[in-house]
Q: 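Handing you a structure now.
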Amino acid sequence: MTSAAPRAGEPLTLDDFAEHARRELLPEVWDFIAGGAGRERTLAANEAVFGTVRLRPRALPGIEQPDTSVEVFGSSWAAPVGIAPVAYHSLAHPDGETGTAAAAGRLGLPLVVSTFAGRTLEEVAGAADAPLWLQLYCFRDAGTTLRLALRARDSGYQALVLTVDTPFTGRRLRDLRNGFAVPAHVTPANLSGSAAAGSATPGAHSRLAFDRSLDWSAVARLRDLSGLPVLAKGVLTARDAEAAVGAGVAGIIVSNHGGRQLDGVQASLEALPEVVSAVRGSCPVFLDGGIRSGADVLVALALGARAVFVGRPALYALAAGGSEGVHRMLTLLIAEFADTMVLTGHASPGTIDADTVILPGHGRPATETTAPHTDRSHG
Ligand SMILES: Cc1cc2nc3c(=O)[nH]c(=O)nc-3n(C[C@H](O)[C@H](O)[C@H](O)COP(=O)(O)O)c2cc1C
Ligand SMILES: CCCCCCC(=O)C(=O)O
């Protein structure tokens, strides 16, 4: 496999994109994006845990070019990587969500659009060439959420993602210390005219507007109304995974909201085997949190994820170079993943299994130390 020589200063890693973004963004915007809840222990753990897993190489794998693509709900993704729902892309760059969608779409990768997107669902759909899912927060004014679900269906979104870890946003100390408020030019385009659009202070507004009485019956309600598959985002335990499956989810996203909700919970990767084991192959399991390289993608797949999502890296790349920056970041991530596949002896994602990694404290492959993972044949 050959790759062109990089230009001077060109980001060579996802961390390089973060460094570029830090230089571009106002300090309080950087803190809003980069920060987490409380002492940021979970935020740190999300990335650090990947550094504790060891890969098992394969000599002479005989793979000319791996096929990185995966199938999810009947759609082909160019790689097992999507963009997680992240509010207000236009905080990072004027290209906003349409720029992100165009970049992901050019590469055949999906985008999950946030309830708090700065562009309308219809505008984003017009810019995308790959699957779109809509993330939903449920508001006290239930009609607002239901209308969003119907608009998503009507504009071709393929799934709904119900965020289940956020009765209100976590205590983010950086934002409190900075007195962070979303700038006036950045507004939730899909909530205009509703009480859910609310104030510019995310933490305070979430406590007023989000429906805390929400329970698992929301899954069937949203599915039956829209006819779309509904995934639960923010599951970390077997108990919640079983509740989600019982409620009829089409998939689960193992996530701690990028360490922005309950500080002190497990890193997403640590929680993954428990959730995969609990769902017993009844639906695909995805992961977000701390993915910063192609090797991280492979590790998550080895422990049972069908695919992963990146959150902050998308905003960092957008800040660093607009839509083109997101395209470069995703291209890099796919290339790193493809290289890691070859070096571990996998011609396609379907064969990446627990035998490919060694977990911390074990000298043996994870096959011998984790429960068997999801049946990947499930579409
Ligand atoms: C600035 C920011 C905004 C976010 N907005 C949302 C959101 O609107 N809805 C949601 O479900 N998750 C939201 N998340 C969480 C992400 O979907 C995702 O769980 C997390 O970013 C993954 O971790 P990573 O950033 O380490 O990749 C947000 C995260 C960040 C950093
Ligand atoms: C009331 C505005 C809430 C925006 C929340 C975005 C989000 O989920 C985050 O983690 O930040």
Side-chain angles (χ1 to χ4, degrees), residues 14-15 17-18 21 25 28-37 40 42-50 81-92 97 111-118 133-140 148 160-172 174-175 180-182 186-188 190-191 194-210 231-236 253-262 267-269 286-293 296-297 300 308-319 329 333:
L14 268 58
D15 290 338
F17 281 97
L25 295 170
E28 64 272 23
V29 172
W30 166 263
D31 275 344
F32 171 69
I33 297 169
E40 301 189 341
T42 296
L43 171 67
N46 271 352
E47 285 189 40
V49 68
F50 283 98
V81 173
I83 297 184
V86 168
Y88 302 128
H89 288 207
S90 31
L91 270 178
E97 284 83 2
L111 164 67
V112 188
V113 177
S114 164
T115 289
F116 283 87
W133 296 354
L134 172 66
Q135 175 269 332
L136 286 174
Y137 282 125
C138 291
F139 296 102
R140 291 188 200 276
L148 283 178
L160 301 175
V161 174
L162 178 65
T163 297
V164 297
D165 60 8
T166 310
F168 43 80
T169 60
R171 254 179 89 73
R172 296 150 189 191
R174 300 195 207 196
D175 296 347
F180 178 71
V182 180
V186 179
T187 55
N190 296 292
L191 303 175
S194 83
S199 86
T201 316
H205 180 55
S206 70
R207 285 176 190 265
L208 289 173
F210 289 5
L231 294 90
K233 171 177 181 283
V235 170
L236 293 171
I253 304 179
V254 173
S255 170
N256 50 41
H257 212 108
R260 293 163 78 83
Q261 283 305 107
L262 179 58
S268 299
L269 189 73
F286 304 87
L287 172 137
D288 75 25
I291 299 282
R292 298 294 180 268
S293 73
D296 295 346
V297 178
V308 303
F309 294 90
V310 291
R312 293 177 183 86
L315 284 198
Y316 295 154
L318 201 55
M329 182 277 291
L333 190 58

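Both ligands and their constituent atoms are indexed starting at 1 by order of listing.
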Q: Look at the rings of Phe116 and Phe139 and say which category their plane angle falls in: under 30° parallel, 30 to 60° tilted, over 60° perpendicular.
A: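 Phe116 vs Phe139 ring planes: perpendicular.
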
Q: Would you check if Leu148 and Leu191 make a side-chain contact, meaning some heavy-atom pair closer than 4.5 Å?
A: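 Heavy-atom side-chain distance check passes, below 4.5 Å.
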
Q: In terms of the angle between their ring planes, are Phe309 and Trp133 parallel, tilted or perpendicular, with boundaries placed at 30° and 60°?
A: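 The arrangement is tilted - the two ring planes meet at 30° to 60°.
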
Q: Quick one: does ligand 1 sit under 4.0 Å from the side chain of Arg292, the backbone, both or neither, non-hydrogen atoms only?
A: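 The side chain, only.
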
Q: Note the single closest protein heavy atom to atom 5 (N) of ligand 1, along with its residue, its atom name and the distance in Å.
A: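 Protein heavy atom at minimum distance: Ala87 N, 3.0 Å.
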
Q: Looking only at protein heavy atoms, identify the closest one to atom 28 (C) of ligand 1 and say how far it is in Å.
A: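 For this ligand atom, the closest protein heavy atom is Pro85 O, 3.8 Å.
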
Q: Answer yes or no: does atom CZ of Arg140 have more than 12 heavy-atom neighbours from other residues, nucleotides or ligands under 6.0 Å?
A: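 Atom CZ in Arg140 is packed in, count exceeds 12.
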
Q: Between Tyr137 and ligand 1, which residue portion shows a heavy-atom distance shorter than 4.0 Å: side chain, backbone, both, or neither?
A: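 Side chain only.
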
Q: Would you check whether Tyr137 has a nitrogen or oxygen atom less than 3.5 angstrom from a nitrogen or oxygen atom of ligand 2?
A: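 N/O-N/O distance under 3.5 Å: yes.
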
Q: Please state which part of Val86 comes within less than 4.0 Å of ligand 1, counting heavy atoms only: side chain, backbone, both or neither.
A: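 It is both backbone and side chain that touch ligand 1.
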
Q: At the 4.0 Å heavy-atom cut-off, does Ile291 count as touching ligand 1?
A: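 Heavy atoms of Ile291 never come under 4.0 Å of ligand 1.
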
Q: Which residue supplies the protein heavy atom nearest to atom 27 (O) of ligand 1, what is that atom called, and how far is it?
A: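 Its nearest protein heavy-atom neighbour is Gly311 N, 2.9 Å.
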
Q: With backbone taken as N, CA, C and O and side chain as the heavy atoms from C-beta onward, which portion of Gln135 lies under 4.0 Å from ligand 1: side chain, backbone, both, or neither?
A: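 The answer is the side chain of Gln135.
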
Q: Holding to side-chain contact (heavy atoms from CB on, under 4.5 Å), I want the full list of residues that pass it with Ala34, two or more places apart in sequence or in another chain.
A: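 Counting only residues at least two positions away or on another chain, Ala34 forms a side-chain contact (heavy atoms from CB on, under 4.5 Å) with Trp30, Arg174, Tyr316.
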
Q: Can you tell me which residue and heavy atom of the protein come closest to atom 19 (O) of ligand 1, and the distance to 0.1 Å?
A: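 Answer for atom 19 (O) of ligand 1: Asp288 OD2, 2.8 Å.
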
Q: How long is the straight-line distance from NE2 of His89 back to CG of Leu111, given to the nearest 0.5 Å?
A: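 Rounded to the nearest 0.5 Å, the CG-NE2 separation comes out at 6.0 Å.
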
Q: Nearest to atom 5 (C) of ligand 2, what protein heavy atom do you find, and at what distance?
A: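 Protein heavy atom with the smallest distance to atom 5 (C) of ligand 2: Thr169 CG2, 4.0 Å.
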
Q: So if I count the atoms of ligand 1 from 1 in the order they appear, which ones are less than 4.0 Å from some heavy atom of Gly290?
A: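 It comes down to these atoms of ligand 1: 24 (P), 26 (O).
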
Q: Check each atom of ligand 2 against the heavy atoms of Phe32 and keep those under 4.0 Å away; list them by number with element.
A: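 Per the distance check, 11 (O).
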
Q: Within a distance under 4.0 Å of any heavy atom of Arg260, pick out the atoms of ligand 2 and give their elements.
A: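 Heavy-atom distances to Arg260 below 4.0 Å select 9 (C), 10 (O), 11 (O).
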
Q: Return the residue, atom name and 0.1 Å-rounded distance of the protein heavy atom closest to atom 6 (C) of ligand 2.
A: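 Minimum-distance protein heavy atom for atom 6 (C) of ligand 2 reads Ala87 CB, 3.7 Å.
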
Q: Considering only the protein, which heavy-atom contact is closest to atom 11 (O) of ligand 1, and what is its distance?
A: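 Looking at atom 11 (O) of ligand 1, the protein heavy atom closest to it is Thr163 OG1, 2.8 Å.
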
Q: Quick check: Ser114 and ligand 1, any N/O pair under 3.5 Å apart?
A: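 By distance alone, the answer is yes.
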
Q: Quick check for you: to the nearest 0.5 Å, what is the distance between Leu134 atom CG and Leu160 atom CG?
A: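 Answer rounded to 0.5 Å: 6.0 Å.
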
Q: What is the nearest protein non-hydrogen atom to atom 1 (C) of ligand 1, stated with its residue, atom name and distance?
A: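 Nearest neighbour among protein heavy atoms for atom 1 (C) of ligand 1, to 0.1 Å: Arg260 NH2, 3.5 Å.
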
Q: Is it true that Ile33 lies under 4.0 Å from ligand 1, counting heavy atoms only?
A: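 Contact present.
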
Q: Judged on heavy-atom distance to atom 12 (N) of ligand 1, which of Arg172, His89, Glu47, Lys233 sits nearest?
A: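 Nearest option to atom 12 (N) of ligand 1, by heavy atoms: Lys233.
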
Q: Got the closest protein heavy atom to atom 15 (C) of ligand 1, with its distance?
A: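 The closest one turns out to be His257 CD2, 3.5 Å.
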
Q: Taking non-hydrogen atoms only, is Arg172 closer than 4.0 angstrom to ligand 2 via side chain, backbone, both or neither?
A: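 Answer for Arg172: side chain.
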
Q: As an exercise, state the distance from CG of Leu315 to CD1 of Ile33, rounded to the nearest 0.5 Å.
A: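 Going from the CG atom of Leu315 to the CD1 atom of Ile33 covers 4.5 Å.
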
Q: CD1 of Ile83 to CD of Glu97: how many Å apart, nearest 0.5 Å?
A: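 Here the rounded value is 10.5 Å.
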
Q: Supply the atom-to-atom distance Asn256 CG to Leu43 CG, rounded to the nearest 0.5 angstrom.
A: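 Answer rounded to 0.5 Å: 8.5 Å.
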
